[in-house]
Amino acid sequence: MAQYESDAHEREVTKLWEDFRNGRAYQSSIGLTTKVPMFVRFYEGDQWPKPTKNTQGLPRPVVNIVKMICRNKKSAILSTPVKCYYQAADERVNIEHFNRFSEYIQKEIGQDALDKIGIQDGVIEGGYFYHYYWDSEARGKEGIKLGGARCEMIDILNIFFADPTETDEQKQRWIMIASREPVSSVRAKCDKGVDPDSIKSDEDENLYATKEQDGSELVTVLTRYFRKDGEVYVEKATKTAVINKPFPITPDYEAARAALDDEPDAPNTDLPDDPNKAPANRKRARATLYPIVVGNYEPRKRCIYGLGEVEGLIQNQRSVNFNIAMMLLAAQENGWGKYVVSKNALQGQVITNEPGQVLTDYSETGNGIKRLSELSLPSAPMQIVESLMQMTRAVTGSSEVMTGESIGANMSGAAIAQLQSQALQPIEDLKDTFWTVKEKQGKVLAQFYKLFYREKEFTYTVKETVQDERGMPVENEKKMHGVFRGADYENVDLEVIVEATGGTHASAAGDIQALETALAKGAISIVTFFELYPKDALSNRSEILAVLKSEEANKVAMLQAQIEQLTKEIQLRDQKIMEHEATVAQVQSIIREKEQLQVTLAKLYTEASQKIASANKVLLADRARLSRTEEDARIMAEDIIANRAKKQPIEQAQSLSK
C-alpha cells in the first residue's frame, strides 16, 4: 500500500482533478456546458436575453411551447406504471420473498419519484443518471442505525466517464461524480492521517445561473468508481486532499482492500479477453457492477450523453416569442394616438387621450392640432406563429390527439383511441429505452440486496379473499412481516423482468372494443365497463364513474330496504308456520295417542273376547254339569219323594201299631 503514502497524495489528487478537468473539457467540446443551462432556462421560461438600450421597450412575451412539449413527453413515457421483479431458474429458491423485499426497498428509497425526476432531466437535458449507495446512517425501526440502500440523481454536468464514447457504463474504466458538500462534513468522513486543514472550501464549478449562499463553506468532492479484478472500488478526493483511499463497496472491507494492487482493471471492451488472465474465483461475495445507472432520452451518436427534446425547440421557441413580441410592439405603438401640433397651438395644454377631453386650437389657421390615423395591425405574424406552432407540435409528436385536447365532437371513443394509439407509436421507443434503464436498475439493486442486507425486517401486503357481512366474496389486503437475508441469494442467478402493470403495448382501441363486446353480452356491468375503460381515451371518466357508483349505491340501498322488509315478512310467516307446526304437532300427538289407544283397545278386546269365549266354554260346561246335577237332583228328589211316599204308610202303620 506504499502508493498511498503521504508523498503520493498530491499525485493522486492531481490525477483525480485532472480527470475531472478532462471530463469537463469533453463536455464543453460537445457543447453541453453551454447548451444544458440554456435548455433549463428555456424550460423554466427564462427565454429572453437581458434588455439592451435599443430593446428596453420591446415586450417580452413567453408562450412556453418547450415546457408544454416536454411535460407532454414526460407524461406519455410515465403513463404506464412499470414493475421490476426477478425470476430464478432454480425452483427451490423463494423468489417471491425476494421480490417482496425488492418492492419494499424501492418504496423506501422512493424509486418512482426518482424515475419522474430522471425522465424530466432526460427530456430537458438528454440524460439522467442514478447513483446508488449504502448509507450507514440510515435508521430503521425505533430510530436504530441499521444502514440502507439509497439513491440520488446526478446532474448531467456533474458525472464524467473514462471513455465518453462508450455508451455502456459497466464497460467504463472508471466513473467519476462531482458534488458540492460542506467542508465540516467532508473533514468528519476523511481517513485517519488526513490533515483536516488541507480540506478547504473552493469556488463553485456550477454552470447554471444559480448561486451558492454566502457563508456556505462548500467544497467540490470527486467520487470515482473503478474495478480491480472485477470488483468495484471507490475513492474520494478534493482538489487539495485525498479524503478516502480506494476501498471496496462490498461489506467485506478488509479482505477486499487487501487484494488491491497498484493498477486498476483495464477498460472493458467488445473485444474478446484472454482467458488465461481471468482472476481466480473467490469465495467471498463481491460487488462487480458500478452502482451507476445511465439513462438517455434519445441516444447521441458515439456518446454516453444523450439528446433531449429541448435542443430542437430553441429556435422555434425564439421565433414564436419574437413574432408575438413584434405584434405587441406594433399594437403598443399604434394604440396610443399620435398628433401633429403647430407651434403655439396648444399653449400649455397636455394631450392625455382621456375620453371627452377638449382641446383649444390657438393657431391662426384653426388646423394646428391634427390626429394621425393609425395603421391597421398586420395579421401575417400571427399566422406565422400559428403555423410554426402547429408544425412544431406535429414534428415533435405533440398534436391535439396525443395531448388529449378536443379533436371532434362527432368522433366515437374507439375512433379517438385509435388515433391516439397511432400517435403514441413514436413514444413506444422512448418507453422501451426507459424500461431498459429499469432493467439495469434491477441488476444494481439485486447486488445491494445480496451483499448488504443480512437480517432486514420488512413488511409487505398480501391479498386474500374474505366474505363481507352479506356473505359476498371481497378482496382484502393484509399486512405481513418478514425477514430478508441476502446470504440466502448470493449464489442465485437472477433474471430481471420489467413489465407494465397497467397494460403493455396494446392498443386502447382494442381494449375499448373488447369492453363493448363484454358489455353487450352482459358479461360485465356498466360500472366495470367504465372502470376498465382506458384513462387516456375518456376525459370525464372519473365523473361518470362517480355518478354510476352513486346510482348503484342508491339501488343497493333500495334493495337492502326491500330485503329488510321481505325479511320481516318472512320472519312473521315463519312465526305463524311455527305456530301451525306446533298445533299440527299436538294434533299428530293426539292422533298417535288415539292410534295407540285403539291398538290397546283392540288388544284388550281380543283378550276379552278370548276370555269371554273361554268363560263361555267353561260356563257351558258348568251349565251342562249343572243340568246333569239338576237332573240327578230331580231324579234323586223324585226318588226320595217316591221313597217317602212308600215309607209313609209303613210309618203310619208302625205308629199305629205302637
Side-chain angles (χ1 to χ4, degrees), residues 43 66-87 102-103 106 110-130 151 153 156 167-169 293-301 304-313 393-405 416-445 495-512 532-538:
Y43 177 82
V66 169
K67 176 176 282 190
M68 185 271 292
I69 292 175
C70 288
R71 295 178 67 181
N72 174 261
K73 291 298 183 69
K74 173 187 173 183
S75 61
I77 295 173
L78 297 173
S79 61
T80 303
V82 179
K83 180 181 179 181
C84 177
Y85 64 96
Y86 302 87
Q87 288 183 352
S102 175
E103 184 177 358
Q106 291 190 56
Q111 188 64 64
D112 290 342
L114 292 171
D115 288 341
K116 293 179 181 179
I117 297 173
I119 292 299
Q120 178 163 319
D121 289 346
V123 174
I124 299 172
E125 303 171 4
Y128 50 104
F129 308 86
Y130 300 88
C151 181
M153 301 304 299
I156 192 172
T167 57
D168 187 353
E169 65 270 28
V293 176
V294 176
N296 287 325
Y297 179 72
E298 286 188 2
R300 188 192 297 263
K301 186 68 174 179
I304 199 168
Y305 302 107
L307 294 171
E309 194 73 40
V310 181
E311 189 160 359
L313 297 174
R393 296 184 68 170
V395 170
T396 58
S398 300
S399 61
E400 293 88 345
V401 175
M402 186 173 177
T403 57
E405 301 171 30
I416 294 175
Q418 185 66 36
L419 289 175
Q420 290 177 335
S421 176
Q422 295 174 359
L424 286 172
Q425 289 301 319
I427 300 296
E428 299 301 333
D429 290 338
L430 301 177
K431 285 185 177 181
D432 290 340
T433 302
F434 173 58
W435 292 0
T436 302
V437 174
K438 294 295 293 182
E439 184 176 351
K440 293 192 292 184
Q441 286 180 8
K443 294 178 181 179
V444 172
L445 284 171
E495 180 184 1
V496 182
I497 306 297
V498 178
E499 67 177 14
T501 58
T504 54
H505 300 262
S507 169
D511 297 340
I512 294 174
L532 300 177
Y533 204 88
K535 296 180 181 179
D536 55 354
L538 194 63

[X] versus [Y]: any side-chain heavy-atom pair under 4.5 Å?
{"X": "Glu311", "Y": "Arg300", "answer": "yes"}
{"X": "Val82", "Y": "Val498", "answer": "yes"}
{"X": "Phe129", "Y": "Ile156", "answer": "yes"}

Under 3.5 Å, side chain of Lys440 to main-chain N/O of Val294, donor-acceptor pair present? yes
Which pair of heavy atoms, one from [X] and one from [Y], lies closest together, and at what distance?
{"X": "Tyr130", "Y": "Gln441", "result": "CZ-NE2, 3.0 Å"}
{"X": "Ser102", "Y": "Tyr86", "result": "OG-CE1, 3.5 Å"}
{"X": "Ser79", "Y": "Pro81", "result": "O-CD, 3.5 Å"}
{"X": "Lys74", "Y": "Lys116", "result": "CE-O, 3.6 Å"}

Can you tell me how far the [atom1] atom of [X] sits from the [atom2] atom of [Y], to the nearest 0.5 Å?
{"X": "Cys84", "Y": "Leu445", "atom1": "SG", "atom2": "CG", "result": "7.5 Å"}
{"X": "Lys431", "Y": "Leu78", "atom1": "NZ", "atom2": "CG", "result": "9.0 Å"}
{"X": "Thr80", "Y": "Trp435", "atom1": "OG1", "atom2": "CH2", "result": "6.0 Å"}
{"X": "Thr436", "Y": "Asn296", "atom1": "OG1", "atom2": "CG", "result": "11.5 Å"}
{"X": "Ile497", "Y": "Lys83", "atom1": "CD1", "atom2": "NZ", "result": "11.5 Å"}
{"X": "Ile119", "Y": "Ile77", "atom1": "CD1", "atom2": "CD1", "result": "5.0 Å"}

Is it the case that more than 12 heavy atoms not belonging to Lys443 sit under 6.0 Å from its NZ atom? no
Counting heavy atoms not belonging to Arg71, are there more than 12 under 6.0 Å from its CZ? no
Any chance the side chains of Tyr128 and Asp115 put a donor and an acceptor closer than 3.5 Å? no
Contacts of type ring-ring contact (aromatic ring centres under 6.0 Å, His included), residue Tyr305, not counting sequence neighbours: Phe161
